[in-house]
Amino acid sequence: MTAPLLAIEHVSRHFGALSALNGVSLSVAARERRAVIGPNGAGKTTLFNVITGQLAPSAGAIRFEGRAIVGLAPHAIARRGISRSFQRTNLFPRLAVGENLRLAAAADGRGSWNVLGSVDRLAAPLGRAREVAEAVGLAERLAEPAGRLSYGEQRQLEVGVALATVPRLLLLDEPTAGMSPEETARMTRLLQALPREMTLLIIEHDMDVVFSLADRISVLHHGEVLCEGTPDEVRADARVYEVYLGTGDDR
Ligand SMILES: Nc1ncnc2c1ncn2[C@@H]1O[C@H](COP(=O)(O)OP(=O)(O)O)[C@@H](O)[C@H]1O
Ligand SMILES: [Mg+2]
């Protein structure tokens, strides 16, 4: 077995008396598309925050490409090749779509990919911004201030901003939250079309999105990994229904 791209080992994070994460171990292989699901408050966003250095874990280790990343600042972790979108929007609303993308692309000093296909030669930030806009369906909206985009388009742009840094690992926190069914379908197609070289870790509530995208699913509950497996395995797990899929509430 080859070493995982991302290895989370016995990670805990406490807030006072609350254990938001309690001994979480989770490995993501290169090229994998992994979904993290679980009820509200399960610790999903906290897991992203400890991966990207926004929060320090109280205990445990995290390795990316075999190297420890706990203790590094968020920008240093981003430079290693991990990029994220936020559950809440993170755009410059007065700047044009193209500028939002160009700034993100310029913030990254490494090589480039063709986000529509395979690994590519070096591309200038402007060229990469155009390429990413194409990939997220905003090529016609480059000159539009980000704040004037529809809600769904803003979420697309946010994925674009994360893509523009050319990550090895892309973390998406509920990219379809608040979207209409049409916007959700569009976002799903966009994510399906991403190159496999870009490993994906996605928190998502919409089970249609999860089942159409994920190779494997990890179910978080009360800060612990309740179960993990292929979509079919997770669908067949009675415990998952108890805490999540079957309830219809606490979402
Ligand atoms: N910065 C924080 N300070 C205190 N409690 C927090 C903080 N971040 C998250 N929590 C708590 O940790 C638990 C897990 O939160 P979170 O990771 O956001 O869950 P999820 O994303 O699965 O809905 C919740 O009980 C939440 O209130
Ligand atoms: Mg969350």
Side-chain angles (χ1 to χ4, degrees), residues 6 8-28 33-62 69-75 77 82-91 151-152 154-156 158-159 161-162 167 169-179 183-184 187-188 191 200-211 213-214 216-229 231 234 237 239-251:
L6 177 73
I8 298 163
E9 296 162 2
H10 311 291
V11 163
S12 297
R13 170 67 207 210
H14 310 299
F15 296 109
L18 175 79
S19 285
L21 296 173
N22 192 9
V24 168
S25 293
L26 193 157
S27 288
V28 182
R33 291 173 176 167
R34 170 74 59 93
V36 177
I37 66 171
N40 266 337
K44 305 180 298 295
T45 297
T46 302
L47 181 67
F48 273 22
N49 285 336
V50 298
I51 295 169
T52 56
Q54 261 87 22
L55 283 175
S58 311
I62 303 177
I69 57 171
V70 166
L72 295 181
H75 71 267
I77 292 175
I82 300 180
S83 185
R84 77 181 291 183
S85 76
F86 287 83
Q87 202 170 351
R88 287 188 16 234
T89 191
N90 194 35
L91 304 171
Y151 178 79
Q154 290 194 20
R155 300 310 305 262
Q156 285 165 233
E158 214 180 317
V159 172
V161 165
L169 175 65
L170 177 62
L171 308 186
L172 300 176
D173 194 347
E174 302 195 22
T176 72
M179 282 189 165
E183 289 170 332
T184 297
M187 177 65 81
T188 307
L191 297 177
L200 188 64
L201 184 58
I202 178 173
I203 297 169
E204 180 56 58
H205 275 309
D206 186 316
M207 284 304 120
D208 291 336
V209 178
V210 168
F211 286 123
L213 203 61
R216 293 179 71 75
I217 300 171
S218 299
V219 185
L220 271 194
H221 184 51
H222 292 322
E224 299 184 5
V225 178
L226 178 77
C227 80
E228 185 183 301
V234 166
D237 193 315
R239 293 170 304 170
V240 179
Y241 271 85
E242 250 164 62
V243 305
Y244 190 59
L245 290 177
T247 62
D249 60 35
D250 194 19
R251 305 270 296 253

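Computed from a predicted model, the values in this text were never measured in an experiment. In each ligand, atom 1 is the first atom listed, and ligand 1 is the first ligand listed. Basis for what follows: all heavy atoms, side chains included, without hydrogens, waters or symmetry-related copies.
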(request) Decide salt bridge (Lys or Arg N to Asp or Glu O under 4.0 Å) for R155 and E158; before the verdict, give the C-alpha distance in whole Å, the side-chain angles of both, and the deciding distance to 0.1 Å. (result) CA-CA 5 Å; R155 300 310 305 262; E158 214 180 317; 3.6 Å; yes
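Near A20, meaning under 4.0 Å from one of its heavy atoms, ligand 1 places the atoms 12 (O), 13 (C). Interface atoms of ligand 1 facing N40, defined by a heavy-atom separation under 4.0 Å, are 23 (O).
Under the side-chain contact (heavy atoms from CB on, under 4.5 Å) criterion, I69 pairs with I62, F64, L72, I77, R80, I82, not counting sequence neighbours.
Using a 4.5 Å heavy-atom cutoff, the side chains of R13 and V24 are not in contact. Residues P175 and I202 form a side-chain contact, since some pair of their non-hydrogen atoms from C-beta on lies under 4.5 Å apart. Counting only heavy atoms from C-beta outward, the side chains of L191 and L172 approach each other to under 4.5 Å.
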For a quick test of your reading: what N or O donor-acceptor pairs under 3.5 Å do the side chains of residues 216-224 make, sequence neighbours left out?
residue : atom : partner : partner atom : Å
S218    : OG   : R34     : NH1          : 2.9
S218    : OG   : E228    : OE1          : 3.4
E224    : OE2  : N22     : ND2          : 3.0

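No N or O atom of L47 sits closer than 3.5 Å to an N or O atom of ligand 1.
The Mg ion (ligand 2) has an N, O or S atom of T45 closer than 2.8 Å.
For the residues N49, L21, T45, I37, the heavy atom positioned nearest atom 18 (O) of ligand 1 is part of T45. Between atom 24 (C) of ligand 1 and the options G41, G16, S19, P39, the minimum heavy-atom separation is to G41.
Contacts between L18 and ligand 1 below 4.0 angstrom, taking non-hydrogen atoms only, involve the side chain exclusively.
Contact analysis leaves G38 out of contact with ligand 1, as no non-hydrogen atom separation drops below 4.0 angstrom.
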